[in-house]
Amino acid sequence: MQSQRCMVESVGGIAMINVCRMLGFAGSIRKDSYNKSLLRAALELLPEDAALEVFDLEGIPIYNQDLENQPAEKLKEFKARLRSADAILIATPEYNYSIPGVLKNAIDCASRPYGDNAFAHKPVAIMGASPGMIGTARAQYHLRQCFVFLSCFVLNQPEVMVSFAQEKIDRDGKVTDQKTRELIKQLLENLVDWTRRLTSPK
Ligand SMILES: Cc1cc2nc3c(=O)[nH]c(=O)nc-3n(C[C@H](O)[C@H](O)[C@H](O)COP(=O)(O)O)c2cc1C
């Protein structure tokens, strides 16, 4: 079902740690996005047996079923990177109590044509930041709902819901709040562990 890259193997008695390759993307394309900052923090906080590539959703055209069989280059690239990743990491803003259109569009595009869902069976971790007090909780639960139909395995804990983001991310886009950094670190460690569990031979 999954690639076996994210496993610890013993070859000739020597432990070989294979790297868990994550693909990360933000549901915001704005330059100074708080959610892009969460991904930059994740790059700094990665476990040593993980790698993270960050993909920008800007340029994925609006989904049109008439054009499903003529995907744009950017969409082809997104789907290829999703497929080759061991796990997915998403940082989403909350727009009007749900996920932003840019994120929903990217998910819709990558899940089609029917039978060619690039998210299928992927382990997924979610985090999100907002200047508001709810910290993207409503958006994150909507996002989890999308992944039911797409047959993804979404990690449950920790829930990384960064409220009052302007107090935790500085003007240079660095996550400065220690508690937030610890939560992101834990999320990454749990995603590696979750991916291993899903890919271990029975
Ligand atoms: C159309 C729109 C709707 C929004 N709705 C919400 C919302 O429901 N809840 C919330 O906490 N923030 C909401 N916000 C504020 C966003 O959280 C804020 O713009 C945030 O910075 C977006 O994430 P980003 O910094 O990663 O771009 C909304 C912003 C926009 C533009």
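Note that ligands are numbered from 1 as they come in the structure, with each ligand's atoms numbered from 1 the same way.
- Remark: minimum distance from atom 17 (O) of ligand 1 to any protein heavy atom is reached at P131 CD, 3.3 Å.
- Closest to atom 8 (O) of ligand 1, if we only count protein heavy atoms, is Y97 N, 2.8 Å.
- The N/O atoms of Y34, backbone and side chain alike, include one that comes under 3.5 Å of an N/O atom in ligand 1.
- When each atom of ligand 1 is checked for a heavy atom of P93 under 4.0 Å away, the hits are 22 (C), 23 (O), 26 (O).
- Not a single protein heavy atom sits closer than 4.0 Å to atom 19 (O) of ligand 1.
- Closest heavy-atom approach to atom 11 (O) of ligand 1 within the set A137, G132, S130: this belongs to S130.
- In summary, the side chains of S37 and R40 do present a donor paired with an acceptor at a separation below 3.5 Å, with no hydrogens or angles considered.
- L39 approaches L52 most closely through the heavy-atom pair O-CD2, 4.0 Å.
- With contacts defined as side-chain heavy-atom distances shorter than 4.5 Å, the pair D56/F25 does not qualify.
- Q178 pairs by the side-chain contact (heavy atoms from CB on, under 4.5 Å) definition with R181, E182, not counting sequence neighbours.
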For residues 127-136, run the donor-acceptor check on the side chains, cut-off 3.5 Å, and write out each pair with its distance to 0.1 Å, sequence neighbours left out.
{"unit_1": "S130", "atom_1": "OG", "unit_2": "G132", "atom_2": "N", "d": "2.8"}
{"unit_1": "T136", "atom_1": "OG1", "unit_2": "Q140", "atom_2": "NE2", "d": "2.9"}

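- Per-residue contacts place N35 under 4.0 angstrom from the following atoms of ligand 1 (heavy atoms of the residue considered): 23 (O), 24 (P), 26 (O).
- The shortest side-chain heavy-atom distance between L188 and L89 falls under the 4.5 Å cut-off.
- With hydrogens left out, the protein atom closest to atom 13 (C) of ligand 1 is E94 O, 3.0 Å, a heavy atom.
- Residues F55 and E77 are in side-chain contact: their nearest non-hydrogen atoms beyond the backbone lie under 4.5 Å apart.
- Using a non-hydrogen distance threshold of 4.0 Å, I134 does not register as a contact of ligand 1.
- Ranking protein heavy atoms by distance to atom 26 (O) of ligand 1, first place goes to S33 OG, 2.6 Å.
- Annotation: cation-pi pair R138/Y97 present, NZ/CZ under 6.0 Å from the ring centroid and within 45° of its normal.
- In this structure, A106 and I60 approach most closely via the heavy-atom pair CB-CD1, 4.0 Å.
- An N or O contact shorter than 3.5 Å is missing between D32 and ligand 1 by distance.
- Taking atom 5 (N) of ligand 1 as the reference point, the nearest protein heavy-atom neighbour is N96 N, 2.8 Å.
- Considering Q166, R138, R30 only, the shortest heavy-atom separation from atom 25 (O) of ligand 1 involves R30.
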